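A short write-up of the structure that comes next.
Small disclaimer: the values here were computed from a predicted structure and weren't measured. Counting convention: from 1, in listed order, for ligands and their atoms alike.
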Amino acid sequence: MHTAEMVALARSRWPHVEIHCPPVAEVVVRLADDIAARLREAIEARGQALLCVSGGKSPVALFEALRALPLAWSQLTVTLVDERCVPPEHPDSNVRLVRAHLLQGAAAQARFVPWIDAPTPLLAEAAAQANALMAALPVPDVLVLGMGTDGHTASLFPHSPDLPRALDLATPERVCAVRLPEPPPQPNHPRLTMTLAHILRARCLVLPVQGADKLAVLSQAARDRNPPGLDALPISHILHQTTTPVSLWLPL
Ligand SMILES: O=C1O[C@H](COP(=O)(O)O)[C@@H](O)[C@H](O)[C@H]1O
């Protein structure tokens with residue numbers, strides 16, 4: 001599917017979603033500017049802001065563009081949307097990713113709340129710790145999501161035995177332990193994910209999607225029934241809902 005077709009489908013299926021279609025070469029800069037503007041507004045309104053970020057490969061360029069922008073970094077708290085249950089120095093750790101690519105230069109003044117700091121983390125304990133950490137933070141001002149080619153977002157993986165619990169809007173949990181489905185996605189580590197209930201408390205969700213394989217998955221999500229059931233692609237639970245503003249970035 002071409003991006004223009006996906007944009008038309010997204011506009012008809014998700015009229016409540018704000019859709020941005022910058023040229024591919026400009027998407028990182030435009031998205032970083034947009035996030036920085038939202039964070040500045042939050043700081044102006046409340047004296048502080050909370051930014052929650054996803055892991056994976058896609059956010060690296062975004063982090064590097066964002067960290068170079070003028071922001072009152074010392075008034076910003078940064079935390080995660082999901083994490084792999086590995087020590088913080090592990091190459092697959094999202095803590096490591098954020099420290100290496102976002103919290104550099106002026107951005108190092110931001111307060112960072114990593115979910116895992118133990119050298120040999122245990123999944124249930126790490127989830128309990130992350131829950132307590134998130135309970136002590138305010139509502140996220142900007143929450144940056146990603147999407148995998150299996151339709152997962154955050155670490156809400158299709159067919160995980162923990163998906164029903166993580167999607168339960170009545171759960172008091174902010175973070176949930178996630179065992180991976182079979183066959184396991186890579187990297188093959190159990191995860192921690194922000195629950196859907198807590199993701200939807202954010203003031204704004206930002207979702208960049210790029211690449212033919214991901215567009216095909218997104219078009220499948222657009223065809224999922226509404227409201228989505230437990231068998232829907234996890235990303236459908238973000239895009240079909242109408243209570244939390246979503247900003248979808250589909251570069252042309
Ligand atoms: O495993 C993950 O994958 C998704 C997408 O990652 P990407 O490498 O395709 O950008 C990411 O959003 C999620 O946070 C992460 O755990």
Under 3.5 Å, which donor-acceptor pairs link side chains of residues 189-196 to any protein atom two or more places apart or in another chain?
{"residue": "H189", "atom": "NE2", "partner": "D92", "partner atom": "OD2", "Å": "2.7"}
{"residue": "R191", "atom": "NE", "partner": "H189", "partner atom": "O", "Å": "3.0"}
{"residue": "R191", "atom": "NH2", "partner": "P187", "partner atom": "O", "Å": "2.8"}
{"residue": "T193", "atom": "OG1", "partner": "S155", "partner atom": "N", "Å": "3.0"}
{"residue": "T195", "atom": "OG1", "partner": "E173", "partner atom": "O", "Å": "2.8"}
{"residue": "T195", "atom": "OG1", "partner": "R174", "partner atom": "O", "Å": "3.4"}
{"residue": "T195", "atom": "OG1", "partner": "H198", "partner atom": "N", "Å": "3.3"}

Identify every side-chain donor-acceptor pair in residues 54-70 under 3.5 Å, counting partners at least two apart or on other chains, and give the distances.
{"residue": "S54", "atom": "OG", "partner": "V144", "partner atom": "O", "Å": "2.7"}
{"residue": "E64", "atom": "OE2", "partner": "H101", "partner atom": "ND1", "Å": "2.6"}
{"residue": "R67", "atom": "NH1", "partner": "H101", "partner atom": "O", "Å": "3.0"}

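- Residue Q104 qualifies as enclosed at atom CD: its count of foreign heavy atoms under 6.0 Å is above 12.
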Using the rule given for salt bridge (charged side-chain N to carboxylate O under 4.0 Å, His left out), can you reason through D34 versus R38, listing the C-alpha separation, both sets of side-chain angles and the distance that settles it, and then say yes or no? CA-CA 6 Å; D34 179 85; R38 292 177 194 271; 2.8 Å; yes
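- The neighbour count for R203 CZ, taken as heavy atoms of other residues, nucleotides or ligands under 6.0 Å away, is above 12.
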Please report, to 0.1 Å, the donor-acceptor pairs under 3.5 Å made by any side chain of residues 112-126, with sequence neighbours excluded.
{"residue": "W115", "atom": "NE1", "partner": "T79", "partner atom": "OG1", "Å": "3.2"}
{"residue": "D117", "atom": "OD1", "partner": "Q129", "partner atom": "NE2", "Å": "3.4"}

Give every pair made of an N or O atom of ligand 1 and a protein N or O atom lying under 3.5 Å apart, one pair per line with both atom names and the distance to 0.1 Å, or write 'none'.
{"residue": "ligand 1", "atom": "1 (O)", "partner": "R84", "partner atom": "NH2", "Å": "3.2"}
{"residue": "ligand 1", "atom": "1 (O)", "partner": "H152", "partner atom": "NE2", "Å": "3.4"}
{"residue": "ligand 1", "atom": "1 (O)", "partner": "R191", "partner atom": "NH1", "Å": "3.3"}
{"residue": "ligand 1", "atom": "3 (O)", "partner": "H152", "partner atom": "NE2", "Å": "3.0"}
{"residue": "ligand 1", "atom": "8 (O)", "partner": "K57", "partner atom": "N", "Å": "2.7"}
{"residue": "ligand 1", "atom": "9 (O)", "partner": "K214", "partner atom": "NZ", "Å": "2.6"}
{"residue": "ligand 1", "atom": "10 (O)", "partner": "K57", "partner atom": "N", "Å": "3.4"}
{"residue": "ligand 1", "atom": "10 (O)", "partner": "S58", "partner atom": "N", "Å": "2.9"}
{"residue": "ligand 1", "atom": "10 (O)", "partner": "S58", "partner atom": "OG", "Å": "2.3"}
{"residue": "ligand 1", "atom": "14 (O)", "partner": "G55", "partner atom": "N", "Å": "3.1"}
{"residue": "ligand 1", "atom": "14 (O)", "partner": "D82", "partner atom": "OD1", "Å": "3.0"}
{"residue": "ligand 1", "atom": "14 (O)", "partner": "D82", "partner atom": "OD2", "Å": "3.0"}
{"residue": "ligand 1", "atom": "16 (O)", "partner": "D82", "partner atom": "OD2", "Å": "2.5"}
{"residue": "ligand 1", "atom": "16 (O)", "partner": "R191", "partner atom": "NH1", "Å": "3.3"}

